[in-house]
Amino acid sequence: MARPEAGYEAAVPPRPACTYSSCYCEENVWKLCDYIRSQDRYPLEEFYAVFISNDKRMIPLWKQKSGHGDEPVVWDYHVILLHLSSGEQNFIYDLDTVLPFPCPFDVYSVEAFRLDDSLHPEFHRKIRMIRADLYLKTFASDRSHMKDANGKWQKPPPPYPCIETADSKMNLDDFISMNPEVGWGSVLSLSDFVHRFGSQTDYSYSLEGQ
């Protein structure tokens, strides 16, 4: 079977050439959106920043670089980029996964999301989708969430200035929140997200060679 990404042109450079700071996934995705805007290869409106979290801020994801074997990593939140492609398959860009970059949506769904059905309810995932152009206009972070009680960095901050808007220096919590009354974009259950954007085909191709 032909690989689903055949003929698909990535919207950003190869993973090693992307702007990346460990544990700053919200900024990494913002930078991807900014790059896509600057290149004008694809309409920015086809891309969405996707925040994954829940009310307990405990969400398991598989196939993460920081994982061990087939064990999931449990994040408080994670952010990926979704491309609603005009082809048969949508694509996920995740700079923290060991899966292909970009990764066909159906592959990412099966390998990284898996299903909520087998998880304890407190680990069920929710999704907040924000269109890339809106994300670039509204997101702001002063990175204070990455400092400990003594004001020391838990992880080194990105080398570029903090992202801010005219209205805010810090609104990250509004994006992590899965309360649809708060913030921007729309909130979905993981199953709704997968059903809406997956191709609904059988997962019949392998990840051989990746």
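Heads up: numbering here begins at 1 and tracks the sequence.
- Asn54 pairs by the side-chain contact (heavy atoms from CB on, under 4.5 Å) definition with Lys56, Ile59, not counting sequence neighbours.
- To the nearest 0.5 Å, atoms CG (Leu115) and NE2 (His124) are separated by 10.0 Å.
- For Cys33 against Leu44, the heavy-atom pair with the smallest separation is O-CD1, 3.7 Å.
- Using a 4.5 Å cut-off on side-chain heavy atoms (C-beta onward), Ile176 and Leu172 make contact.
- Leu82 CG to Ile130 CD1: the interatomic distance, rounded to the nearest 0.5 Å, is 11.5 Å.
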Next item on the list: Could you walk me through whether Tyr77 and Cys25 pass the side-chain contact (heavy atoms from CB on, under 4.5 Å) test, one step at a time?
Entry: CA-CA 9 Å; Tyr77 67 96; Cys25 53; 3.9 Å; yes
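- Using a 4.5 Å cut-off on side-chain heavy atoms (C-beta onward), Met178 and Phe51 make contact.
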Next item on the list: Please lay out, stage by stage, how Glu26 and Ile163 fare under the test side-chain contact (heavy atoms from CB on, under 4.5 Å).
Entry: CA-CA 10 Å; Glu26 65 281 351; Ile163 298 166; over 6 Å; no
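- Cluster annotation: Leu84 and Phe113 are assigned to the same hydrophobic cluster (Ile/Leu/Val/Met/Phe/Trp/Tyr, side-chain heavy-atom contacts under 4.5 Å, transitive).
- The shortest distance between side-chain heavy atoms of Arg143 and Trp153 falls below 4.5 Å.
- With sequence neighbours left out, Val74 forms a side-chain contact (heavy atoms from CB on, under 4.5 Å) with Met58, Pro60, Phe123.
- Checked against side-chain contact (heavy atoms from CB on, under 4.5 Å), Glu46 has the following partners two or more places apart in sequence or in another chain: Tyr42, Pro43, His83.
- Side chain of Arg128 to backbone of Ser177: a donor-acceptor contact under 3.5 angstrom is found.
- In this view, Tyr48 satisfies the side-chain hydrogen bond (donor to acceptor under 3.5 Å, both in side chains) rule with no residue, not counting sequence neighbours.
- In this structure, the separation between CD1 on Ile80 and CG on Leu61 is 7.5 Å, given to the nearest 0.5 Å.
- Side-chain contact between Lys152 and Lys147: absent, with no pair of heavy atoms (C-beta onward) separated by less than 4.5 Å.
- Sorted by first then second residue, the side-chain hydrogen bond (donor to acceptor under 3.5 Å, both in side chains) pairs that include residues 31-41, not counting sequence neighbours, are Asp34-Arg37.
- In this structure, Tyr135 and Phe175 have perpendicular ring planes: the angle between them is above 60°, well past the 30° mark.
- Each side-chain hydrogen bond (donor to acceptor under 3.5 Å, both in side chains) pair with one or both residues in residues 180-193, not counting sequence neighbours, appears once here: Ser189-Ser191, Ser189-Asp192.
- Between Ile52 atom CD1 and Met129 atom CE the span is 11.5 Å, to the nearest 0.5 Å.
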Next item on the list: Any chance you could lay out the side-chain contact (heavy atoms from CB on, under 4.5 Å) test for Cys103 and Phe91, step after step, and finish with the verdict?
Entry: CA-CA 6 Å; Cys103 186; Phe91 286 84; 5.9 Å; no
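- Looking at every heavy atom in both residues, Ala11 comes nearest to Tyr93 through N-OH, 2.9 Å.
- Atom CZ of residue Arg196 and atom CG of residue Asn90 lie 12.0 Å apart, to the nearest 0.5 angstrom.
- Side chain of Thr138 to main chain of Leu134: a donor-acceptor pair is present (N/O by atom type, distance under 3.5 Å, no hydrogens or angles).
- Leu81 and Phe47 get closest at one heavy-atom pair: CD2-CD2, 4.0 Å.
- Around atom NZ of Lys155, no more than 12 heavy atoms belonging to other residues, nucleotides or ligands sit under 6.0 Å away.
- For Trp62, the ring-ring contact (aromatic ring centres under 6.0 Å, His included) criterion is met by no residue, not counting sequence neighbours.
- Applying the side-chain hydrogen bond (donor to acceptor under 3.5 Å, both in side chains) test to pairs two or more places apart or on separate chains, those with a residue in residues 159-172 are Glu27-Tyr160, Glu164-Lys169.
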Next item on the list: Applying side-chain hydrogen bond (donor to acceptor under 3.5 Å, both in side chains), run through Ser144 and Asp142 and close with a yes or a no.
Entry: CA-CA 5 Å; Ser144 54; Asp142 62 8; 2.7 Å; yes
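- Annotation: side-chain hydrogen bond (donor to acceptor under 3.5 Å, both in side chains) contacts of Arg125 (sequence neighbours excluded): Asp116.
- The list of salt bridge (charged side-chain N to carboxylate O under 4.0 Å, His left out) pairs with a residue in residues 74-88, not counting sequence neighbours, is empty.
- Atom SG in Cys23 sits 9.0 Å away from atom NE2 in His145 (nearest 0.5 Å).
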Notebook entry, point to check: side-chain hydrogen bond (donor to acceptor under 3.5 Å, both in side chains) between Ser199 and Asp106: does it pass, once the steps are laid out?
Noted result: CA-CA 7 Å; Ser199 67; Asp106 292 347; 2.2 Å; yes
For residues 94-102, which side-chain donor-acceptor pairs fall under 3.5 Å, sequence neighbours excluded?
{"residue": "Asp94", "atom": "OD1", "partner": "His78", "partner atom": "NE2", "Å": "3.0"}
{"residue": "Asp94", "atom": "OD1", "partner": "Asp96", "partner atom": "N", "Å": "2.9"}
{"residue": "Asp94", "atom": "OD2", "partner": "Gln64", "partner atom": "NE2", "Å": "3.0"}
{"residue": "Asp94", "atom": "OD2", "partner": "His78", "partner atom": "NE2", "Å": "3.3"}
{"residue": "Asp94", "atom": "OD2", "partner": "Tyr108", "partner atom": "OH", "Å": "2.7"}
{"residue": "Asp96", "atom": "OD1", "partner": "Tyr20", "partner atom": "OH", "Å": "2.4"}
{"residue": "Thr97", "atom": "OG1", "partner": "Lys63", "partner atom": "O", "Å": "2.7"}
{"residue": "Thr97", "atom": "OG1", "partner": "Leu99", "partner atom": "N", "Å": "3.1"}

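- By the side-chain contact (heavy atoms from CB on, under 4.5 Å) test, Ser21 pairs with Tyr24, Asn28, Pro158, Pro159, sequence neighbours left out.
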